[in-house]
Amino acid sequence: MKPSTPKGTRDFTPSQMRKRDYLFGVLREHFQTFGYAPIETPAMENLSTLTGKYGEEGDQLLFKVLNNGDFLAKADGVALEARDSKAALASLSKRGMRYDLTVPFARFVVQHQNELSFPFKRYAIQPVWRADRPQKGRYQEFYQCDADVVGSDSLLYEAELVRLFERVYTALGLKCVIRINHRGILAGLAESVGASDKFIEVVTAIDKLDKIGAERVGEELKGKGLTAQGATQLLEMLKDTSLKSWEVSLANTKEGEQGAKELKQVLEMVAAMNPAQRIEFDPTLARGLSYYTGCIFEVVVDTTAPGQEKIRMGSIGGGGRYANLTEAFGGRDMSGVGISFGAERIYDVLEEMDAWPDTVRTGRKILLAAMDEENLAWAFAKTDQLRSAGIAADCYPEAGKPKRPMKYADKEQIPYVALIGTREREAEQLTVKELTTGQQETLDLSGLIIKLS
RNA sequence: GUGGUCGUAGCUCAGUUGGUUAGAGCGCCGGUUUGUGGUACCGGAGGUCGGGGGUUCGAAACCCCUCGUCCACCCCA
């Protein structure tokens with residue numbers, strides 16, 4: 001049998017893990033600086049927590065966990081006989097794998113509402129699972145990195161999360177563009193072309209604009225029941241990227257006016273903090289997720305920035321404000337706003353740009369190698385002293401010719417090798433070779449610690 | 001879930017109309033080198049040709065099924 005991981009999943013090697021740890025570390029650090037506290041929720045949730053939250057399609061993409069024990073004995077015989085998977089499911093599985101971090105978060109907030117103080121700010125970096133058909137950059141197991149705040153409808157948080165986006169991407173060495181819109185603008189737009197009742201359809205159609213073009217979006221809109229005139233007018237209005245003129249054109253729609261007003265405030269706050277950041281109002285930004293109700297964001301790589309011209313990647317982050325997230329779990333009506341970093345995509349971008357810091361390349365800094373058996377214990381003791389000084393040191397486990405440890409250090413990209421023979425032990429000195437330059441010097445332990453610190 | 005593409009060594013891939021013992025490059029292991037890795041030269045290991053069934057005197061190649069991959073939809077990160 002050829003060993004392999006299940007479809008849509010992958011292993012991470014040490015060199016990949018060092019990069020992932022770095023990326024998650026930058027995220028964690030910024031989340032905490034911005035006042036978000038970590039939480040974790042289980043890999044499995046009760047199926048009742050998950051089903052119905054992602055729409056019909058989402059339910060199909062849930063990984064279900066088979067009940068333990070003699071599950072068939074307790075299964076619904078009628079449904080099994082009829083080969084009706086949907087009907088049989090309830091008696092076969094009561095748990096499912098986490099599909100995203102937002103729904104478990106909503107469950108968490110309601111379940112712990114009496115222990116939490118609001119506004120409650122949390123972040124989470126955890127894998128999620130989807131029974132989707134895998135493609136490049138699309139897996140059945142992948143990590144999500146979310147920061148959310150619930151229990152306040154202050155626009156301060158919209159501005160804060162935009163700042164969090166830019167701070168993180170800047171720390172990673174990436175120039176990005178933050179696109180922003182408001183569901184109210186889209187609602188006002190639908191209202192002004194007489195399609196208020198087709199709001200969801202309008203949103204999902206607009207979401208496809210950059211992908212399939214205005215013409216086909218127009219056709220889709222007409223297919224969904226818009227008048228030809230309404231569809232044309234809608235597409236015409238979307239060409240306008242000036243927030244000022246939207247304020248005017250939507251002044252007679254309640255939601256549209258409110259949306260434009262809120263957007264303006266957020267943009268003003270953000271501009272006051274960092275006028276250099278590219279943040280663009282984009283009325284065509286829709287985001288498919290149905291639960292957004294206020295501002296929505298999406299982050300893309302800035303392809304006008306030096307060194308980033310060739311990057312072709314979809315959004316590397318997104319988010320928005322939602323109302324009533326906790327409603328499904330019987331919580332009181334709480335507004336929230338949150339963002340998500342597309343860690344797997346960011347990884348690919350950093351890989352393409354080779355924008356990793358040097359620290360991800362090396363694990364161990366120095367390898368100590370004894371030439372003969374009687375010096376091995378001394379080499380091991382020196383390794384221990386280096387470790388006590390906080391230096392990632394390792395001792396080659398077999399004494400002998402330098403060839404093996406040298407080759408090992410070369411492959412493992414350990415930058416320094418100390419060869420230890422009787423000469424070194426008797427003089428209490430270490431002969432240290434730097435592999436990239438081939439240069440060699442003799443130092444005592446404290447000198448070596450200073451050199452490698 | 002729908003349509004398509006491709007599965008040959010650890011990796012990237014050759015393999016003629018179906019015909020002897022299935023190859024290359026890279027990688028891996030060893031040697032040339034008994035206190036010095038990366039280069040060079042020499043040698044070696046490694047394949048039920050994704051799996052199962054069928055057609056045939058004969059299948060890596062043709063047919064069916066199945067699993068996996070990649071791509072386009074759907075949806076999404």
Side-chain angles (χ1 to χ4, degrees), chain A residues 1-11 13 23 54-62 85-86 98-102 125-146 203-205 207-208 211-212 216 220 286-291 298-300 313-319 338-349 366-373 375 379 396 399-425 429-442:
Chain A
M1 189 184 70
K2 208 173 182 179
S4 67
T5 62
K7 140 165 101 169
T9 66
R10 37 217 164 124
D11 289 324
T13 62
L23 176 54
Y54 308 104
E56 188 118 357
E57 297 221 17
D59 285 353
Q60 283 192 322
L61 298 182
L62 286 173
S85 308
K86 237 178 178 172
R98 187 203 295 136
Y99 179 89
D100 70 359
L101 301 180
T102 308
I125 299 176
Q126 292 192 268
V128 302
W129 293 271
R130 295 183 187 180
D132 212 351
R133 191 181 285 203
Q135 270 178 44
K136 184 124 197 138
R138 200 163 144 180
Y139 306 96
Q140 294 201 338
E141 179 188 59
F142 63 96
Y143 273 74
Q144 288 197 331
C145 312
D146 285 15
V203 167
T204 40
D207 199 30
K208 295 177 189 164
K211 209 170 186 178
I212 63 173
R216 288 175 59 192
E220 184 167 329
R287 290 190 71 76
L289 290 176
S290 53
Y291 53 72
E298 202 159 277
V299 187
V300 293
M313 182 64 75
S315 73
I316 53 173
I339 60 173
S340 182
F341 289 83
E344 317 281 354
R345 284 183 174 182
I346 296 169
Y347 182 100
D348 289 344
V349 170
I366 184 165
L367 181 71
L368 287 80
M371 310 276 206
D372 19 56
E373 209 56 55
N375 296 314
Y396 197 75
K401 286 188 258 183
K403 182 168 177 144
R404 284 167 183 279
M406 291 293 281
K407 206 166 180 174
Y408 180 74
D410 191 51
K411 274 197 225 161
E412 289 289 303
Q413 297 193 59
I414 302 171
Y416 295 95
V417 173
L419 293 175
I420 290 156
T422 307
R423 276 208 309 261
E424 283 79 10
R425 176 169 51 86
Q429 296 280 312
L430 292 139
T431 303
V432 180
K433 178 164 181 161
E434 186 173 359
L435 266 64
T436 48
T437 61
Q439 275 175 2
Q440 200 158 304
E441 63 181 313
T442 302

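Note that the structure is a prediction, hence the values are computed from the model and not measured.
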Of all the nucleotides listed ([options]), which has the minimum atom distance to the side chain of [X]?
X      : options             : answer
A:R404 : B:G35, B:A77, B:G30 : B:G30
A:T431 : B:G37, B:G35, B:C76 : B:G35
A:F142 : B:U36, B:A77, B:G37 : B:A77
A:K411 : B:G37, B:C76, B:C29 : B:C29
A:R130 : B:C75, B:G35, B:C76 : B:C76
A:R133 : B:U36, B:A77, B:C71 : B:C71

Which is true for [X] with a 4.0 Å heavy-atom rule: it touches a base, it touches only sugar-phosphate, or it touches nothing?
X      : value
A:G438 : base
A:Q60  : nothing
A:E298 : nothing
A:T436 : base
A:F341 : nothing
A:R138 : base
A:G319 : nothing
A:K407 : sugar-phosphate
A:Q135 : base

Check: From A:K7 NZ over to A:R133 CZ, what is the distance, rounded to the nearest 0.5 angstrom?
Finding: 7.0 Å
Check: Can any side-chain N or O of A:E424 pair as donor or acceptor with the backbone N or O of A:G421 at less than 3.5 Å?
Finding: yes
Next item on the list: Examine the base of B:G38 for any acceptor or donor lying under 3.5 Å from a partner atom in the side chain of A:Q413, and report the outcome as yes or no.
Entry: no
Distance in angstrom units between [X] [atom1] and [N] [atom2], rounded:
X      : N     : atom1 : atom2 : result
A:D410 : B:G27 : CG    : P     : 12 Å
A:E141 : B:A77 : CD    : P     : 17 Å
A:R345 : B:C76 : CZ    : P     : 12 Å
A:D146 : B:A77 : CG    : P     : 9 Å
A:D372 : B:U34 : CG    : P     : 15 Å
A:Q440 : B:G37 : CD    : P     : 11 Å
A:E57  : B:U2  : CD    : P     : 13 Å
A:L368 : B:U36 : CG    : P     : 18 Å

Margin query: I'd like to know if A:R10 pairs up with A:E344 as an ion pair, taking the criterion as any Lys NZ or Arg NE/NH1/NH2 lying under 4.0 Å from an Asp or Glu carboxylate oxygen.
Written below: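 A salt bridge links A:R10 with A:E344.
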Please state the [atom1] separation for the pair [N] and [M] - nearest whole angstrom.
N     : M     : atom1 : result
B:A22 : B:C13 : C1'   : 14 Å
B:C70 : B:A45 : P     : 34 Å
B:G25 : B:U33 : P     : 25 Å
B:U12 : B:U16 : C1'   : 22 Å
B:G18 : B:A59 : P     : 13 Å
B:C6  : B:G15 : P     : 14 Å
B:C62 : B:U55 : C1'   : 8 Å
B:C74 : B:G54 : C1'   : 36 Å

Checklist line | 4.5 Å side-chain heavy-atom contact, A:V300 and A:I316 | finding: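 Side chain of A:V300 against side chain of A:I316, heavy atoms only: no contact under 4.5 Å found.
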Check: If we only count heavy atoms from C-beta on, is the A:W129 to A:Q140 side-chain gap below 4.5 Å?
Finding: no
Check: So which heavy atom on A:S315 is nearest to which on A:R345, and how close?
Finding: O-NH1, 2.9 Å
Note to self: For a quick test of reading the model, state the closest non-hydrogen atom pair linking A:A286 to A:V203 and the distance between them.
What the structure shows: CB-O, 3.4 Å
Margin query: Looking only at side-chain N and O atoms, does A:D132 offer a donor or acceptor that is under 3.5 Å from a partner on A:Y139?
Written below: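 Distance-only check fails for A:Y139 and A:D132.
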Notebook entry, point to check: Can you find a side-chain donor-acceptor pair between A:Q429 and A:T442 that sits under 3.5 Å?
Noted result: no
Next item on the list: Find out whether the Lys NZ or Arg CZ of A:R404 is both under 6.0 angstrom from the six-membered ring centre of A:Y396 and within 45° of the ring's axis.
Entry: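 So A:R404 doesn't make the cation-pi contact.
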Check: Taking for each residue the nucleotide of RNA chain B with the nearest heavy atom, is it A:Y408 or A:K7 whose nucleotide lies nearer the 5' end?
Finding: A:Y408
Next item on the list: Sort by first number and list every stem of RNA chain B: at least 3 consecutive Watson-Crick or G-U wobble pairs, both distances under 3.5 Å.
Entry: B:1-4 with B:70-73, B:10-13 with B:23-26, B:28-32 with B:40-44, B:50-54 with B:62-66
